[in-house]
*Asks:* 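Dropping a structure here in structure tokens format, bear with me for questions.
Keep in mind that this is a model prediction, so the values were computed, not measured. Chain A is the first sequence line, chain B the second, and so forth, proteins listed ahead of strands; every chain is numbered from 1.
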Amino acid sequence: MNAATTYSPPYHRRHHQHHHFQLPPPQSQPSIVSIPTQKSILDLLNSKPATFSLQSLAQIHALALKTGHFHDHFVSGTLLKCYANPRFHNLDSAIQLFRNVPSPNVFVHNVLIKACLDNGEPLQAVWLYYELMMNDAKPNKFTYPTLLKACGDGGIVAEGKQVHCHVVKLGFAGDGHVKNAMIDGYFRCGDVGSAEEVFDEMEMPDRDEISWSVVIDGYIKSGFYKEALEVFNTMQSERIRPGKFVLTSVLAACAHLGALDHGRWVHAYVRRKKKSIVMDAVLGTALLDMYAKCGRLDMAWEVFESMKEKEVFSWNAMIKGLAMHGRADDAVELFFEMQRRKFRPNGITFIGVLNACAHSGAVEQALKLFNSMENVYNIEPEVEHYGCLVDCLGRSGRLEEAEELVNSMPIEPNPAVYGSLLGACRIHGNAELGERIGRLLLELEPNNSGRYALLSNIYAKAERWDDVAEVRKLMKERGVKTNPGSSMIELGGCVHEFKMGEGCHPKMKEIYSTLKVMIERLEMEGYVPNTSQVLFNIEEEEKETALQYHSEKLAIAFGFISTKPGETIRVVKNLRVCDDCHSAIKLISRVYGREIALRDRVRYHHFRDGTCSCKDFW
DNA sequence: CTAGGGTTAG
């Protein structure tokens with residue numbers, strides 16, 4: 001606490017500082033007026049609910065009891081709402097208050113249901129709904145949006161469907177708020193079909209901007225990014241004007257897809273409508289994040305600098321953007337800059353900087369930052385932070401220290417932590433540790449195909465083909481589905497997706513022949529396919545074929561036939577890039593004089609003139 | 001006096 005800036009009230013005020021609600025002194029008014037009315041209590045509660053202390057609330061509570069106004073449901077409900085403010089973390093006292101309300105009506109029930117939801121107790125909210133029905137307090141149209149949201153948050157589909165039935169039976173199915181909440185709830189429960197059904201049956205004017213927003217966001221949360229953009233297009237063709245909520249969601253979809261042109265369109269739209277669409281911290285952050293994830297760190301920075309309103313998450317997004325592009329020093333510099341601007345780093349900030357260090361081999365820096373978390377910032381490292389550190393140590397070849405950290409960390413390591421260690425074993429060819437960790441992971445996550453692939457690669461690198469075959473067999477026995485590699489490229493306002501060996505693209509013939517010519521040209525330049533990372537011990541020729549058609553190569557070949565010379569080719573891949581593709585693309589960038597920006601599952605690779613921005617460390 | 005939508009990290 002800084003004494004110089006602390007305001008000390010005069011002595012007599014200290015004792016009365018909770019009495020903000022005091023009425024004018026009696027001498028200035030007839031004494032009868034000093035008995036608070038119902039309205040004056042409500043005014044007190046509604047004046048500055050965000051700044052109350054619990055004590056002042058308790059005093060108003062006492063006042064309400066003393067004057068008898070507590071019996072009024074408006075008063076007790078509003079009081080309840082104040083107690084339930086999530087910043088108090090004090091849902092229990094709200095519930096206790098509810099128990100003391102004589103025959104609570106719908107309003108009081110509704111407030112408590114919302115209170116449970118806001119305090120992270122969706123199941124309790126649903127339970128209270130049953131209680132409401134038992135109490136004979138008929139639900140009204142205000143009850144259902146909150147309740148449906150609770151079902152969605154709690155992921156309870158069956159109860160949600162029952163609530164849906166109640167909505168219909170009690171005649172609230174025509175309400176726009178209720179329907180939007182229903183769509184949102186179905187999406188949250190993963191029932192995309194039912195969500196679509198409710199939306200499709202809606203008609204104007206119920207189907208408003210919020211309905212579209214819920215659907216677009218629902219698709220994004222379900223991983224259907226292309227569909228989200230399609231819905232956005234339909235929305236515009238129906239002349240519904242998107243506001244900042246929809247635009248923020250759309251930008252998130254663009255970020256995932258690497259759809260730079262779509263994202264730029266949104267940026268231009270926001271600028272054009274700057275009178276009606278205010279660029280707040282959330283929208284600005286979504287915009288800069290889109291640019292960073294679409295490979296335009298320069299534009300991300302420009303947006304970040306121009307943002308008038310920044311929040312911690314804006315700084316986090318920018319730090320993460322720098323990290324993703326391998327700019328560790330700048331990320332760390334920004335981490336200190338945000339503090340000079342009086343922003344407090346949080347746990348996510350540290351994930352960003354630690355990640356940046358991991359991708360540039362800055363082990364000492366990472367250790368220093370990690371140690372400062374508790375010592376300087378009073379942030380308890382979570383399992384993700386340990387994961388970043390394990391990753392950082394492991395990538396740099398300090399495997400013993402990484403393993404030591406995993407064994408000594410004070411919280412239970414999760415599969416991701418072991419995964420980092422396993423990845424490091426692959427990079428550094430440590431089959432002994434890799435085998436132990438790999439076997440452990442195959443038991444912890446028997447359905448994660450990536451783990452089998454890594455372990456198999458480790459065995460392959462050590463030429464232990466029997467073990468490779470055994471892993472393959474195990475995978476087959478357990479019926480594990482492989483996660484196919486897929487690469488996306490946006491061209492002509494359309495996102496194209498390629499999967500290995502898939503031939504359904506209309507220009508597939510041309511793409512394959514272009515790729516064949518390209519690889520022949522590379523081979524003349526001395527390129528030899530590097531097959532060490534191919535999953536299984538298949539015949540050498542077969543391996544080469546498989547490599548040739550890795551999805552990023554297909555996407556790049558398509559980029560070549562669809563762009564002008566000199567244009568950067570931008571590709572987004574769902575998995576990590578393999579050694580072979582990485583060296584092939586380096587060569588392509590030199591031989592064809594093209595810049596290629598490839599985002600893999602964790603970072604960007606900017607290929608230019610035969611080199612990669614990751615300096616071959618990834 | 002009560003009800004529906006957006007951001008960063010894994």
*Asks:* From C-beta outward on A/K293, which listed nucleotide comes closest to its side chain: B/dG10, B/dG6, B/dT8?
*Replies:* B/dT8
*Asks:* Could you please name the option among B/dT2, B/dG5, B/dT7 that lies closest to any side-chain atom of A/T248?
*Replies:* B/dT7
*Asks:* Where the side chain of A/F107 is defined as all heavy atoms beyond and including C-beta, which of B/dG5, B/dT2, B/dA9 is the nearest nucleotide?
*Replies:* B/dT2
*Asks:* What's A/N346 touching, base or sugar-phosphate or nothing? Going by heavy atoms closer than 4.0 Å.
*Replies:* nothing
*Asks:* Over how many whole Å does the gap from A/N110 atom CG to B/dA3 atom C1' extend?
*Replies:* 8 Å
*Asks:* Can you find a donor-acceptor N/O pair under 3.5 angstrom joining the side chain of A/E382 to the base of B/dG10?
*Replies:* no
*Asks:* Base, sugar-phosphate, or nothing: which does A/E311 touch, judged by heavy atoms less than 4.0 Å apart?
*Replies:* nothing
*Asks:* To the nearest Å, give me how far apart CG (A/L283) and C1' (B/dG6) are.
*Replies:* 9 Å
*Asks:* Could you state the atom-to-atom distance from NE2 of A/H359 to P of B/dA9 in whole Å?
*Replies:* 12 Å
*Asks:* Quick one: does any side-chain atom of A/R207 pair with a main-chain N or O of A/F199 as donor and acceptor, under 3.5 Å?
*Replies:* yes
*Asks:* Within the 4.0 Å heavy-atom criterion, would you say A/I210 contacts the bases, only the backbone, or no part of the nucleic acid?
*Replies:* base
*Asks:* Answer yes or no as to whether B/dA3 has its base stacked against A/F142, where stacking requires a ring-centre separation under 5.5 angstrom and planes under 30 degrees apart.
*Replies:* no
*Asks:* Is there a side-chain contact between A/N355 and the phosphate of B/dG10, meaning an N or O under 4.0 Å from OP1 or OP2?
*Replies:* yes
*Asks:* Among B/dA3, B/dG6, B/dA9, which nucleotide has an atom closest to any side-chain atom of A/R188?
*Replies:* B/dG6
*Asks:* When the distance from CG of A/L288 to P of B/dG6 is rounded to whole Å, what number comes out?
*Replies:* 19 Å
*Asks:* Would you find a donor on one side and an acceptor on the other, under 3.5 Å apart, between the side chain of A/T78 and the backbone of A/L42?
*Replies:* no
*Asks:* What about A/D280, does its side chain sit under 3.5 Å from the base of B/dG6 through a donor-acceptor pair?
*Replies:* yes
*Asks:* Measure the distance from CZ on A/F172 to P on B/dA3 and round it to the nearest whole Å.
*Replies:* 16 Å
*Asks:* By the 4.0 Å heavy-atom rule, please label A/I348 as base, sugar-phosphate, or nothing.
*Replies:* base
*Asks:* Describe the nucleic acid contact of A/K39 in one word from base, sugar-phosphate, nothing, applying a heavy-atom distance below 4.0 Å.
*Replies:* nothing
*Asks:* Less than 6.0 angstrom separating the ring centers of A/W315 and A/F335, yes or no?
*Replies:* no
*Asks:* Take atom CE of A/M290 and atom P of B/dT8, then tell me their distance rounded to the nearest Å.
*Replies:* 13 Å
*Asks:* Would you classify A/K179 as touching base, sugar-phosphate or nothing, given that sugar-phosphate means primed atoms plus P, OP1 and OP2, and contacts are heavy atoms under 4.0 Å?
*Replies:* nothing
*Asks:* Describe the nucleic acid contact of A/K310 in one word from base, sugar-phosphate, nothing, applying a heavy-atom distance below 4.0 Å.
*Replies:* nothing
*Asks:* Check A/D298, A/L287, A/D289 against A/V303 for a side-chain contact (heavy atoms from CB on, under 4.5 Å) and give me the one that passes.
*Replies:* A/L287
*Asks:* Using the benzene-type ring in the case of Trp, are the ring centres of A/F232 and A/H262 under 6.0 Å apart?
*Replies:* no
*Asks:* Choosing from B/dT2, B/dT8, B/dG6, which nucleotide comes nearest the side chain of A/V282?
*Replies:* B/dG6
*Asks:* With a non-hydrogen cut-off below 4.0 angstrom, is A/S249 in contact with a base, only sugar-phosphate, or nothing?
*Replies:* sugar-phosphate
*Asks:* Specify the separation, in whole Å, of atom NZ of A/K320 and atom P of B/dT8.
*Replies:* 12 Å
*Asks:* In whole Å, what is the span from the CG atom of A/L247 to the C1' atom of B/dG5?
*Replies:* 12 Å
*Asks:* Nearest to the A/S213 side chain among B/dA3, B/dG6, B/dG5, which nucleotide is it?
*Replies:* B/dG5
*Asks:* Specify the closest pair of heavy atoms between A/R599 and A/A255, including all atoms of both residues, with the distance to one decimal.
*Replies:* NH1-O, 2.7 Å
*Asks:* Which of the following nucleotides, B/dG10, B/dT2, B/dG5, is nearest to the side chain of A/N140?
*Replies:* B/dT2
*Asks:* Could you tell me whether a side-chain N or O of A/H385 sits under 3.5 Å from a main-chain N or O of A/E382, the two making a donor and an acceptor?
*Replies:* yes
